[in-house]
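Reading through the structure tokens given below for one structure.
Quick caveat: nothing in here was measured; it's all calculated off a predicted structure. A note on names: the letters A, B, ... follow the listed sequences, proteins ahead of strands, and every chain is numbered from 1.
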Amino acid sequence: MNWNLSASEAINIQQKLFREVELCPCAVESISIVCGCDVSYRTNNGQIIGQAAVINWEIRERVVLEQKLAVQEVVFPYIPGLLSFREIPPLLSALDALEETPHILLVDGQGIAHPRRFGLASHLGLVLQKPTIGCAKSKLIGTYNEPARQKGSMEPLFHKNEQIGTVVRSRDKKKPLFVSPGHLIDHGSAVAIILKTLGKYRLPEPLRLAHHFSRNRPAENSTR
DNA sequence: GCGACAG
DNA sequence: ATCTTGTCGC
Ligand SMILES: [Mg+2]
């Protein structure tokens, strides 16, 4: 699957769907399976191949339950603000392959911290009707005060006088993460989940693992 | 018009 | 995101 839309058509869809996004407290303590989602790219013969990785991670034992990789052509270009139209197709393929449905999805990108409050995590959560959290490595929009340099420090991310996310220092002295609700969750619960999934690195474990796994180069089918 | 700009 | 080896700071 792949969307064949113009940028303006995609924007119209976002303006139509963002109203369905719901921000609400999430039962953090009852969550056990967090699915890390990320996509890497490479080119084949002029065509762009996307490799979507999804990893179900058990939050209590902190172990991987299962991981899937979907490899397919991606046609929608990268346009700031329209990332979901490029990454959702391959991500849905990978998620379809999972044996177990996760309780919540952790996505590499923004949730509502988006010009139209409809980033990748929000779009994916709405499609799946599942709670999602956006965790980006850099900012798309908004203003904030730099969090103190020790791990755990955080500051709200604002846009037009409303909080759209939280800037979280996941490691001492390292660049902070930009956490925002995707769908069916609120700021506090989103940050709580992120903190519970952090390990020894800057990225939450489910995302760090998905990022690495997405870079796998599957063996090709022998021509015969 | 100019600068910013997830992955 | 991707192209890529050594190098600097903690
Ligand atoms: Mg990514």
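- One atom, CG of D172(A), and another, P of dC10(C), lie 13 Å apart when rounded to the nearest Å.
- Rounded to an integer number of Å, the gap from I49(A) CD1 to dA1(C) P is 18 Å.
- Backbone-only engagement by Y41(A) is indicated by non-hydrogen atom pairs under 4.0 Å involving sugar-phosphate atoms exclusively.
- Not one side-chain nitrogen or oxygen of K139(A) sits closer than 4.0 Å to the OP1 or OP2 atom of dA6(B).
- One interatomic measurement links the two molecules: NE2 of H159(A) to C1' of dA4(B), which rounds to 12 Å at whole-angstrom precision.
- Residue-to-nucleotide proximity on DNA chain C shows that, of K173(A) and R215(A), the 5′-proximal contact is made by R215(A).
- The residue L82(A) sits close to a base: some heavy atom pair falls under 4.0 Å.
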Task: Worked verdict on Y144(A) versus F178(A) for ring-ring contact (aromatic ring centres under 6.0 Å, His included) - done: CA-CA 10 Å; Y144(A) 64 97; F178(A) 295 78; 5.5 Å; yes
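- Per the geometry, OH belonging to Y78(A) stands 11 Å off C1' belonging to dA4(B), to the nearest Å.
- Rounded to whole Å, atom P of dC3(C) lies 13 Å from atom CD1 of I48(A).
- Look at K137(A) and you'll find a side-chain N or O under 4.0 angstrom from OP1 or OP2 of dA1(C).
- Note on S138(A): a side-chain N or O is less than 4.0 Å away from OP1 or OP2 of dG7(B).
- As judged by a 4.0 angstrom heavy-atom cut-off over every strand, G81(A) is placed among the base-contacting residues.
- Using a distance-only test at 3.5 Å, with no hydrogens or angles considered, no donor-acceptor pair links the side chain of E61(A) to the main chain of V63(A).
- Taking atom CZ of residue R86(A) and atom C1' of nucleotide dA1(C), one finds them 7 Å apart after rounding to whole Å.
- Distance I79(A) CD1 to dA6(B) P: 13 Å, rounded to the nearest Å.
- Taking the centre of each ring, H103(A) and W57(A) stay at or above the 6.0 Å mark.
- Environment of CZ in R149(A): sparse, with no more than 12 heavy atoms of neighbouring residues, nucleotides or ligands closer than 6.0 Å.
- In this structure, CG of L83(A) is placed 8 Å from P of dG7(B), rounded to the nearest angstrom.
- Judged by distance alone, with hydrogens and angles left aside, the side-chain atoms of E66(A) form a donor-acceptor pair with the main-chain N or O of E100(A) at under 3.5 Å.
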